[in-house]
Protein chains: 2
Amino acid sequence: MKIINEVVEIDGIDKEILRSLMSDARKPILEIARKVGISGAAIHQRLRKLEESGLIAGSKFMLNPKVLGYSTMAFIGIYLDKAMRNPEAVNQLKEIPEVLECHYTTGNWSILIKMLCKDNEHLMYLLNQKVQTIEGVSRTETFISLNQQIDRQIQL
Amino acid sequence: MKIINEVVEIDGIDKEILRSLMSDARKPILEIARKVGISGAAIHQRLRKLEESGLIAGSKFMLNPKVLGYSTMAFIGIYLDKAMRNPEAVNQLKEIPEVLECHYTTGNWSILIKMLCKDNEHLMYLLNQKVQTIEGVSRTETFISLNQQIDRQIQL
DNA sequence: AATGAAATATCGGCGTT
DNA sequence: AACGCCGATATTTCATT
């Protein structure tokens, strides 16, 4: 692992380790060790360095939202009427648990959010009663995801 | 844990277990057991049932893309000139590793994608040389994420 | 649905090469 | 950077309540 201009470059063994853990964060270190052909202690050492470099942001259990009844994903472009209110509007968006992402973006909108709802009725409720009531929100444009074909992380 | 209309309802202990693992997938089961006050074996049993229910989609190591030099995220709305070509266009998008999400959406576009690039130059390259060259893609609209304020999973 | 016990496997630090 | 070693923990199964 080398660090060049604050950017980390990793070798093939690091890649194998990370690829294993990116697909299954609970895979035992020793299992990875056997697969890549070095000792568990060496994997440990490499993981410690990768953590110190900041490359590893953490590990997460992923849930299947559909099983909890959340089956409608939507992207919503938000127009704010006063740029000064942006930080406060974002704070209010944080209070809506269904908002999974929030980006300041170039282009038409001030903000683009991704929202996960149970169904269209729930989406309408969140739009009208939660998002549109935030001070500064003047208008929204909604794009419902009919079907998500790709969902992945950065590839190594 | 109860299943009603194919939707899973979980109790408070399941929630505590899942919340723990959603924030750190490698947290030892026994540590969670001590925290919630039941035995490790019981946690195990619950996790097995949660897996069987399909609620647990897996676990992932998360990387910090900036440390790899990827610091520009963009959303791109894609117009396709013939609906028949959609599946093939999506296949081609899958071949672009920088495309992290791809949704069929309602609204202006046929497809909305999320793409992670090193910088603006890389974004331009991907747009002109990769995305725009896909057969059927007639036009794109790009929204660069200047700053991501929220990034989270569904909350329990 | 939870428990304790028990066998097996892993974790993670240390000193060495 | 990698290794073997090893005590402490964790995992996982099973009979029992």
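Only this structure's heavy atoms are used, side chains among them; waters, hydrogens and symmetry mates stay out. By convention in this document, chain letters (A, B, ...) are assigned in the order of the sequence lines, proteins followed by strands, and residues within each chain are numbered from 1.
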Which part of the nucleic acid, if any, lies within contact of A:Ala42, taking any heavy atom under 4.0 Å across all strands shown: a base, the sugar-phosphate backbone alone, or nothing? sugar-phosphate
Between D:dA2, C:dG4, D:dA1, which one does the side chain of B:Ser39 approach most closely? C:dG4
Nucleic acid contacts - residues 22-35 of chain A versus DNA chain C, non-hydrogen atoms under 4.0 Å: A:Pro28, A:Ile29, A:Leu30, A:Arg34
I need the CD-P distance between B:Gln45 and D:dT11, as an integer number of Å. 16 Å
Hey, are B:Lys114 and A:Glu101 close enough for a salt bridge, meaning a charged N less than 4.0 Å from a carboxylate O? yes
Of the listed nucleotides (C:dT3, D:dA1, D:dG4), which one gets closest to any side-chain atom of A:Lys49? D:dA1
Which of these passes side chain to side chain contact (heavy atoms under 4.5 Å, CB included) with B:Ile78: B:Leu93, B:Leu112, B:Val90, B:Asn108? B:Leu93
Would you tell me if any nitrogen or oxygen in the side chain of A:Arg48 comes within less than 4.0 Å of OP1 or OP2 on C:dG12? no
Inspect the surroundings of CE in A:Met124 and state if more than 12 heavy atoms from other residues, nucleotides or ligands are less than 6.0 Å away. no
So, does B:Ser59 use its side chain to make a donor-acceptor pair with the main chain of A:Lys60 at under 3.5 Å? no
Euclidean distance, atom CD1 of residue B:Ile43 to atom P of D:dT13 [Å, nearest integer]: 16 Å
With pairs defined as Watson-Crick or G-U wobble and both distances under 3.5 angstrom, please note down DNA chain C as a dot-bracket string, | for pairing with another strand. |||||||||||||||||
To the nearest Å, how far apart are B:Ile38 CD1 and C:dA1 P? 11 Å
Side-chain donor/acceptor of A:Arg139 to backbone N/O of A:Gly77, under 3.5 Å: no
Can you tell me how far P of D:dA10 sits from CG of B:Leu47, to the nearest Å? 15 Å
Are more than 12 heavy atoms, taken from residues, nucleotides or ligands other than A:Lys27, located less than 6.0 Å from that residue's NZ atom? yes
Taken to the nearest whole Å, NE2/A:His44 to P/C:dT10 is 11 Å
Any chance the rings of B:Phe143 and A:His103 have centres within less than 6.0 Å? no
Would you say NZ of B:Lys130 has more than 12 non-hydrogen atoms from neighbouring residues, nucleotides or ligands within 6.0 angstrom? no
If you define the side chain from C-beta out and look only at heavy atoms, does anything of A:Asn64 sit under 4.5 Å from B:Ile56? no
